[in-house]
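Scroll down for the structure; my scribbles are underneath it.
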2 protein chains.
Amino acid sequence: MTKILQRNLYREVADRIGDLIEHGELLPGERISEKQLCDRFGVSRTPLREALKVLATEGLIELLPNRGARVVRLTLKNVKDTYDLMAALEGLSGELACQYISDAEIAAIRQLHDTMLEHYRNRDLMPYFQVNRQIHESILAASNNDVLQEMYSNLSQRVKRVRYSKQMTERYWSQAVKDHENMMAALEKRDSQSLGQILRDHLCNKIEVATLAGVIDTEDDKSVANS
Amino acid sequence: MTKILQRNLYREVADRIGDLIEHGELLPGERISEKQLCDRFGVSRTPLREALKVLATEGLIELLPNRGARVVRLTLKNVKDTYDLMAALEGLSGELACQYISDAEIAAIRQLHDTMLEHYRNRDLMPYFQVNRQIHESILAASNNDVLQEMYSNLSQRVKRVRYSKQMTERYWSQAVKDHENMMAALEKRDSQSLGQILRDHLCNKIEVATLAGVIDTEDDKSVANS
DNA sequence: CTAAAGAATATTGAATTCATAATCTATTTT
DNA sequence: AAAATAGATTATGAATTCAATATTCTTTAG
């Protein structure tokens with residue numbers, strides 16, 4: 001997949017700041033200094049400030065009038081809300097995919113599925129997650145709904161930075177694999193109702209949330225003192 | 001027209017441009033002139049351009065590198081995709097509302113519902129739609145999910161400008177009212193599965209889409225000539 | 001020594017300026 | 001006369017400048 005080369009400086013800067021947030025170089029609640037980032041990226045304040053406005057719209061940072069920007073502090077409720085929404089969107093993607101997906105696309109997903117099972121049997125966690133993600137993305141792509149994909153992508157961005165803190169227990173892992181077996185069966189039957197329901201109930205996201213409580217909403221050195 | 005004198009100038013400008021798009025003063029596909037809007041709002045290009053970036057992120061306009069901004073041209077598929085998504089979100093809002101809604105809130109919605117029925121009996125179309133919208137908004141609010149509400153609001157904004165072109169047929173109207181009767185029953189029983197399903201299937205949005213084909217994607221004088 | 005007040009500094013908000021790319025117009029060539 | 005090209009004009013992209021608000025530091029009163 002060739003990347004569309006962005007000529008827009010502000011978009012480039014926004015993506016870079018997004019990366020900093022995702023990788024924890026900018027902490028939740030941390031004040032974002034315009035000057036500091038300008039120096040870091042070698043751009044002037046104009047495109048940087050445009051990027052900040054865009055990131056605020058995307059929900060990654062928040063802007064306080066006359067007081068600059070800060071990284072959004074994810075609360076447990078906030079993450080929970082986001083996952084509930086993502087589950088609903090995945091459900092919709094499954095329903096739609098059943099209507100539009102081609103035999104070839106199903107075969108490709110079947111292949112991913114089998115690969116994933118192999119990783120599960122070997123207990124290769126990272127490759128498992130990698131392929132798992134590809135399966136969900138394939139179904140999303142097959143939904144043939146651009147708005148849905150855009151929205152899902154945005155929500156995914158917001159909670160990306162809390163993903164690394166997962167410790168899969170054996171019980172949940174086997175359940176997730178069973179879910180995927182059912183998904184695969186529903187998809188190959190093109191049973192949209194079933195696939196939608198399975199994806200909505202698929203708990204892997206919620207597991208993450210459950211194991212997460214300690215990571216998010218950390219009390220930092222920076223003060224908050226707002227409404 | 002009152003001039004702008006508020007903090008968060010870019011937000012104000014973005015909202016005003018959004019209004020222009022919604023009310024058809026800026027047409028789909030129409031090139032947006034920065035200078036013209038600057039003069040109109042009495043602001044400099046800096047906050048205006050920030051507003052354009054935000055509007056592009058919200059999906060109302062699109063930015064072409066070095067070639068300015070233009071109002072997004074809604075295609076039938078685009079609107080259809082958006083409504084599919086909104087239906088899924090409404091479904092989720094219903095499920096969640098059943099979990100969190102208070103007796104008082106249900107009573108308030110019951111009151112709105114009865115008022116709506118009255119408007120239906122009198123065939124008062126506009127008041128009917130007004131109260132109808134209030135009911136859906138009340139359920140959304142009761143869902144207790146801020147992210148959901150934010151997303152729904154954004155999607156709603158995108159398709160707002162095609163709403164006025166609806167001609168409700170008697171048959172669809174009576175069906176919509178029946179749907180609402182079922183919704184009300186499910187809500188009062190706090191039957192989240194039922195309410196979710198009813199809201200997802202509730203067709204009023206799709207009626208709009210069906211009667212819409214002539215309105216959207218109008219071929220304007222302005223040229224497009226992109227991928 | 002603490003706390004309040006005021007000056008100094010730094011940061012943000014917005015307008016202006018400069019640079020570059022796109023568009024338009026007029027002229028030239030076939 | 002039609003098409004192509006060079007120059008002029010306009011619009012956009014980005015940096016800089018100016019103005020305001022907020023923050024920090026210093027001084028002074030209690």
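Values below: all heavy atoms of this structure, side chains included; hydrogens, waters and symmetry mates excluded. A note on names: the letters A, B, ... follow the listed sequences, proteins ahead of strands, and every chain is numbered from 1.
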**Electrostatic pair Arg158(A)-Glu22(A), nearest N-O below 4.0 angstrom** = no
**Message:** What I want to find out is whether Glu34(B) reaches Arg49(B) closely enough, with some N-O distance under 4.0 Å, to be called a salt bridge.
**Reply:** yes
**Request:** Look at the side chain of Ser44(A) and decide which nucleotide, out of dA14(C), dT16(D), dG13(D), has an atom nearest to it.
**Result:** dT16(D)
**Phosphate contact (dA14(D) OP1 or OP2) by Thr46(A) side-chain N/O below 4.0 Å** = no
**Complete:** Leu52(A) atom CG is separated from dT12(C) atom P, nearest whole Å, by 9 Å
**Fill in**
When rounded to whole Å, the CG to C1' distance for the pair Asn8(B) and dG13(C) reads 10 Å
**Asked** Are Arg67(A) and dT23(D) close enough that a side-chain N or O sits under 4.0 Å from OP1 or OP2?
**Response** yes
**Prompt:** Looking only at side-chain N and O atoms, does Arg45(B) come under 4.0 Å of OP1 or OP2 in dT12(D)?
**Reply:** no
**Spacing of Glu34(A) atom CD relative to dT12(C) atom P, expressed in whole Å** = 4 Å
**Request:** Could you tell me how the ring of His113(B) sits relative to the ring of His180(B): parallel (under 30°), tilted (30 to 60°) or perpendicular (over 60°)?
**Result:** parallel
**Prompt:** Once you round it to whole Å, what is the distance between P of dA15(D) and CZ of Arg49(A)?
**Reply:** 14 Å
**Request:** Could you tell me the separation between the CD1 atom of Ile32(A) and the P atom of dA22(D), rounded to a whole number of Å?
**Result:** 19 Å
**Request:** Specify the separation, in whole Å, of atom CD of Gln36(A) and atom P of dT12(C).
**Result:** 10 Å
**Request:** Taking only Lys NZ, Arg NE, NH1 and NH2, and the carboxylate oxygens of Asp or Glu, determine whether Glu25(A) and Arg40(A) approach each other closer than 4.0 Å.
**Result:** yes
**Item:** Leu9(B) CG - dA20(D) P separation (whole Å)
**Value:** 14 Å
**Prompt:** Over how many whole Å does the gap from Lys35(B) atom NZ to dT12(D) atom P extend?
**Reply:** 11 Å
